[in-house]
Amino acid sequence: MNSVIYHAFSQKEAKEFDIQHPGTQRAEAFVRAFLKRSMPRMSQQAQEDHLQRKAVVLEYFTHRKQKEKKKKSKGLSAKQRRELRLFDINPEQQRYSLFLPLHELWKQYIRDLCNGLKPDMQPQMIQAKLLKADLHGAIVSVTKSKCPSYVGVTGILLQETKHIFKIITKEDRLKVIPKLNCVFTVEIDGFISYIYGSKFQLRSSERSAKKFKAKGTIDL
């Protein structure tokens, strides 16, 4: 490998290679002269190509920190909740009067949902709103059922699951009414809504996306 020895230009060489220009011109002339002397076999065009090359930006890779996977806390299963009796209502709390404030809150909720219940409102619109609303706190009555003992049961709805209603009556009795083969009514400010339990076997959280038919049917 040929070694290159750096030394200063003589005045003769500086004049020959025209490096007497000030500033950037002087620097450029110096580089051209250095290339010509260091690589005498390289053509003028090749030297120009050398000078025109742009700097190459090397890629810089950062070490990405692996995101720690957060463990999602698993909630209790339905079976575990039943075993812990989380939804049981203690006998001392099974009093109709305790849940009257809940009923008042529910009525205000429905009025807000329907933008005020006015006498000239169409019943179909209120029916559609009620079927998708949260019914906890509503006063529910059983009007038809294949089991005659359920007919006439009226009370405040305390709990709703996919298949049952839990109702507290004025006599402070907690009734568990199956939705299947029962027709229920919900009344508020003179409007009566009918619920066909066989078509209503959904959790309350699932009803908002459910499309109900305008007229329900039930075989009793």
Side-chain angles (χ1 to χ4, degrees), residues 75 78 81-82 85-220:
R81 290 195 293 266
R82 286 195 297 270
R85 306 175 70 88
L86 295 180
F87 300 118
D88 287 1
I89 301 174
N90 297 328
E92 63 271 16
Q93 295 175 333
Q94 295 177 15
R95 289 188 291 158
Y96 185 84
S97 60
L98 286 178
F99 298 98
L100 284 174
L102 176 63
H103 175 58
E104 293 300 320
L105 286 173
W106 180 82
K107 288 196 295 185
Q108 188 57 49
Y109 154 67
I110 295 299
R111 289 165 185 153
D112 294 340
L113 184 67
C114 298
N115 297 319
L117 291 169
K118 301 176 182 178
D120 57 346
M121 293 184 71
Q122 294 184 355
Q124 294 84 353
M125 187 275 288
I126 299 173
Q127 172 83 357
K129 294 278 188 181
L130 284 173
L131 289 177
K132 294 189 176 186
D134 190 331
L135 296 177
H136 292 90
I139 292 181
V140 178
S141 300
V142 182
T143 55
K144 292 182 181 180
S145 176
K146 278 190 174 182
C147 181
S149 63
Y150 291 143
V151 177
V153 174
T154 301
I156 298 174
L157 177 62
L158 300 186
Q159 292 177 352
E160 177 187 0
T161 68
K162 185 175 181 179
H163 299 291
I164 64 167
F165 285 139
K166 285 186 181 181
I167 298 170
I168 186 74
T169 68
K170 289 183 178 181
E171 293 76 29
D172 296 335
R173 292 181 180 177
L174 187 66
K175 297 287 187 178
V176 180
I177 312 295
K179 294 179 180 179
L180 185 65
N181 298 326
C182 288
V183 179
F184 304 87
T185 57
V186 179
E187 188 274 335
I188 178 172
D189 294 350
F191 292 96
I192 297 176
S193 177
Y194 290 90
I195 295 174
Y196 293 85
S198 298
K199 309 291 185 181
F200 209 69
Q201 296 189 80
L202 297 164
R203 295 180 178 88
S204 58
S205 59
E206 297 173 349
R207 288 204 306 271
S208 59
K210 172 72 175 177
K211 290 184 178 180
F212 294 94
K213 293 182 180 180
K215 293 181 179 181
T217 58
I218 187 170
D219 297 325
L220 294 177

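Values reported hereafter were calculated over all heavy atoms of this structure, with side chains retained and with hydrogens, waters and symmetry mates removed.
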Problem set entry | From Ile177 atom CD1 to Cys147 atom SG, the distance as rounded to the nearest 0.5 Å | 8.5 Å
For this session: Quick one: do Lys129 and Ile110 satisfy side chain to side chain contact (heavy atoms under 4.5 Å, CB included)? Show the steps, please.
Result: CA-CA 8 Å; Lys129 294 278 188 181; Ile110 295 299; over 6 Å; no
Exercise. CD of Glu187 to OG1 of Thr185: how many Å apart, nearest 0.5 Å?
Worked result: 8.5 Å
Exercise. Do side-chain atoms of Lys179 reach the backbone of Gln201 as a donor and acceptor pair under 3.5 angstrom?
Worked result: no
Exercise. Short question: side chain of Tyr109, backbone of Asp134 - any donor-acceptor pair under 3.5 Å?
Worked result: yes
Exercise. NZ of Lys175 to OG1 of Thr169: how many Å apart, nearest 0.5 Å?
Worked result: 6.5 Å
Problem set entry | Member of Val183, Leu130, Thr143, Leu131 meeting the side chain to side chain contact (heavy atoms under 4.5 Å, CB included) criterion with Ile195 | Leu131
Exercise. Between Asn90 and Glu92, is there a donor-acceptor pair closer than 3.5 Å when you use the side chain of the first and the backbone of the second?
Worked result: no
For this session: Drop me the distance from Leu158's CG to Tyr96's OH, to the nearest 0.5 angstrom.
Result: 10.0 Å
Problem set entry | Pairing residues for Lys107 by the salt bridge (Lys or Arg N to Asp or Glu O under 4.0 Å) criterion, not counting sequence neighbours | Glu104
Exercise. Taking atom NZ of Lys144 and atom CG of Asn181, what is their separation to the nearest 0.5 Å?
Worked result: 13.0 Å
For this session: Might you work through the side chain to side chain contact (heavy atoms under 4.5 Å, CB included) test for Gln94 and Asp172, ending with a clear yes or no?
Result: CA-CA 6 Å; Gln94 295 177 15; Asp172 296 335; 5.8 Å; no
Problem set entry | Donor-acceptor contact present, side-chain Trp106 to main-chain Ile139, <3.5 Å | no
For this session: Would you name the heavy atoms of Leu113 and Ala133 that are closest together and state the gap between them?
Result: CD2-CB, 3.8 Å
Problem set entry | Gap separating the CD1 atom of Ile89 from the CD atom of Gln159, nearest 0.5 angstrom | 4.5 Å
For this session: Give a yes or no on whether the backbone of Leu180 and the side-chain of His163 come within a donor-acceptor separation of less than 3.5 Å.
Result: no
Exercise. Just wondering, more than 12 heavy atoms not from Arg111 lying within 6.0 Å of its CZ?
Worked result: yes
For this session: Taking His103 for its side chain and Ala138 for its backbone only, find out whether a donor-acceptor pair lies under 3.5 Å.
Result: no
Exercise. Any side-chain heavy atom of Phe184 within less than 4.5 Å of one from Leu135?
Worked result: no
Exercise. Backbone N or O of His136 within a donor-acceptor pair of the Glu160 side chain at under 3.5 Å?
Worked result: no
